[in-house]
Protein chains: 2
Amino acid sequence: MSRTPLHPTREQIELPMVLDCLSDPIRLAIVYQLAQQERVSSELRCGDFSGLGAKSNLAYHFAKLRECGLMQTRVAGTNRFMRLRREDLEARFPGLLDAVIKSAAKDAERLQLLAGCEVVEAD
Amino acid sequence: MSRTPLHPTREQIELPMVLDCLSDPIRLAIVYQLAQQERVSSELRCGDFSGLGAKSNLAYHFAKLRECGLMQTRVAGTNRFMRLRREDLEARFPGLLDAVIKSAAKDAERLQLLAGCEVVEAD
DNA sequence: CCTTATGTTCAATGTTTATTGAACTATTGA
DNA sequence: TCAATAGTTCAATAAACATTGAACATAAGG
């Protein structure tokens with residue numbers, strides 16, 4: 001397995017790529033779940049999203065989320081911890097991420113955003 | 001030419017479709033141009049976007065923008081007038097459209113948003 | 001009428017996309 | 001050292017997408 005993957009710099013983050021990333025229901029669910037969890041911890045493992053699909057498909061979506069600058073991946077042992085790049089996104093596109101997450105929250109059931117993912121309390 | 005095309009009701013507007021629509025550079029440019037023009041007039045003709053591509057390709061993008069609920073089309077003679085469905089979008093996804101348009105404005109040159117479209121003063 | 005202007009629709013093309021299962025890599029812990 | 005765990009990568013597939021030009025429909029103006 002390669003080392004920690006490449007991420008775009010803040011300046012390299014592009015609006016169309018970000019919007020396209022967020023337009024996929026699975027990726028939107030990943031981002032939403034990360035945002036929900038933020039009050040508890042800013043990071044989640046890949047495995048915490050297993051309710052959203054098969055491992056290899058999730059890896060594909062994780063890669064897209066990384067490439068467009070929405071997420072950071074940190075390697076720790078056999079785990080990868082993901083977090084939203086809130087500050088970078090806020091710097092590039094003020095208010096955008098929040099607006100999307102709030103919009104998603106409004107439609108949470110319609111979007112089946114929480115399919116199979118109980119939000120776990122940190123210990 | 002068929003009569004005024006179908007538009008989704010406010011409640012039928014879906015977040016992923018809206019984001020996907022806005023993720024295409026040409027459609028983003030159309031929305032941006034409509035938003036810029038709003039201070040002068042809330043409507044633009046299809047032909048006003050001819051700087052963005054070939055007619056048939058634009059018609060394709062117009063259809064997408066209509067189907068996802070971002071635009072309204074009004075038929076008047078041989079012209080079609082388009083306007084942003086601001087109120088419906090604000091009701092469904094508060095703050096989202098503004099955040100996207102502001103983000104686009106920030107990157108206007110990078111996105112080549114105004115390619116071939118001088119904003120015309122109303123008379 | 002006939003012509004012109006405005007858009008849409010259609011068919012064809014090539015590209016990108018999401019999804020799957022299998023193979024692979026790397027790390028942990030027994 | 002061996003097995004189990006966590007993720008990624010690859011190849012294959014089917015579906016969706018953007019783009020083009022030609023054909024079409026409709027309305028306006030001479």
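First the proteins, then the strands, lettered A, B, ... as listed; each starts at 1.
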| request: Before accepting this row, confirm whether a basic side-chain N of the pair Arg110(B)/Glu11(A) lies closer than 4.0 Å to the acidic partner's carboxylate O. | output: yes
| Phe49(A) CZ to dT8(D) C1': how many Å, rounded? | 16 Å
| request: Nearest whole angstrom, please: distance from the P of dA16(D) to the CG of Asp20(A). | output: 16 Å
| request: Could you work out which one of dT20(C), dT6(C), dA18(D) sits closest to the side chain of Ala54(A)? | output: dT20(C)
| request: Identify the heavy atoms of Gly69(A) and Ile13(A) that sit nearest to each other, and give their distance. | output: O-CD1, 3.8 Å
| query | Among dG7(D), dT8(C), dT17(C), which is the nearest nucleotide to the side chain of Arg45(A)? | reply | dG7(D)
| request: Give Asn79(A) one of three labels, base, sugar-phosphate or nothing, depending on what nucleic acid heavy atoms sit under 4.0 Å from its own. | output: sugar-phosphate
| message | If you go through the side-chain atoms of Thr78(B), does one of them form a donor-acceptor pair with the base of dG7(C) closer than 3.5 Å? | response | no
| So what does Phe62(A) hit on the nucleic acid, given a heavy-atom distance under 4.0 Å: a base, only sugar-phosphate, or nothing? | sugar-phosphate
| So, is Arg74(A) close to the dG7(D) phosphate, meaning a side-chain N or O under 4.0 Å from OP1 or OP2? | no
| request: Measure the distance from CG on Asp48(A) to P on dA6(D) and round it to the nearest whole Å. | output: 10 Å
| Is there a side-chain polar atom (N or O) of Lys64(B) under 4.0 Å from OP1 or OP2 of dC17(D)? | yes
| Please give, in whole Å, the distance from dT13(C) C1' to Asn57(B) CG? | 14 Å
| remark: From CZ of Arg66(A) across to C1' of dT8(D) the rounded distance in Å is 9 Å
| query | How far apart are the closest heavy atoms of Gln37(B) and Glu43(B), and which atoms are they? | reply | CG-O, 4.5 Å
| request: Report which part of the nucleic acid Leu58(A) touches: base, sugar-phosphate, or nothing (heavy-atom distance under 4.0 Å, all strands). | output: nothing
| task | State which of dT8(D), dG7(D), dA18(D) makes the closest approach to the side chain of Tyr60(B). | result | dA18(D)
| task | Could you please name the option among dG7(C), dT19(C), dT19(D) that lies closest to any side-chain atom of Ile26(A)? | result | dT19(C)
| task | Rounded off to whole Å, could you give me the CG-to-P distance for the Leu28(B) and dA18(D) pair? | result | 13 Å
| said: Under 4.0 Å between a side-chain nitrogen and a carboxylate oxygen: does that hold for Asp107(B) and Lys102(B)? | reply: no
| said: Taking 4.0 Å as the cut-off, does a side-chain nitrogen or oxygen of Arg27(B) come that near to OP1 or OP2 on dA18(D)? | reply: yes
| task | State whether Arg80(A) places a side-chain N or O below 4.0 Å from either non-bridging phosphate oxygen (OP1 or OP2) of dT8(D). | result | yes
| said: Please find the pair of heavy atoms, one from Leu19(B) and one from Leu22(A), that lie closest to each other, and give the distance. | reply: CD1-O, 3.5 Å
| field | Distance in angstrom units between Leu44(B) CG and dT6(C) C1', rounded | value | 15 Å
| Atom-to-atom span, NZ of Lys55(B) to C1' of dT26(D) - whole angstrom | 12 Å
| query | Between dG7(C), dT19(C), dT8(D), which one does the side chain of His61(A) approach most closely? | reply | dT19(C)
| In terms of side-chain heavy atoms of Cys46(A), which of dG7(C), dT8(D), dT20(D) is nearest? | dT8(D)
| request: Answer yes when Arg86(A) and Glu38(A) have at least one side-chain N-carboxylate O distance shorter than 4.0 Å, and no when they do not. | output: yes
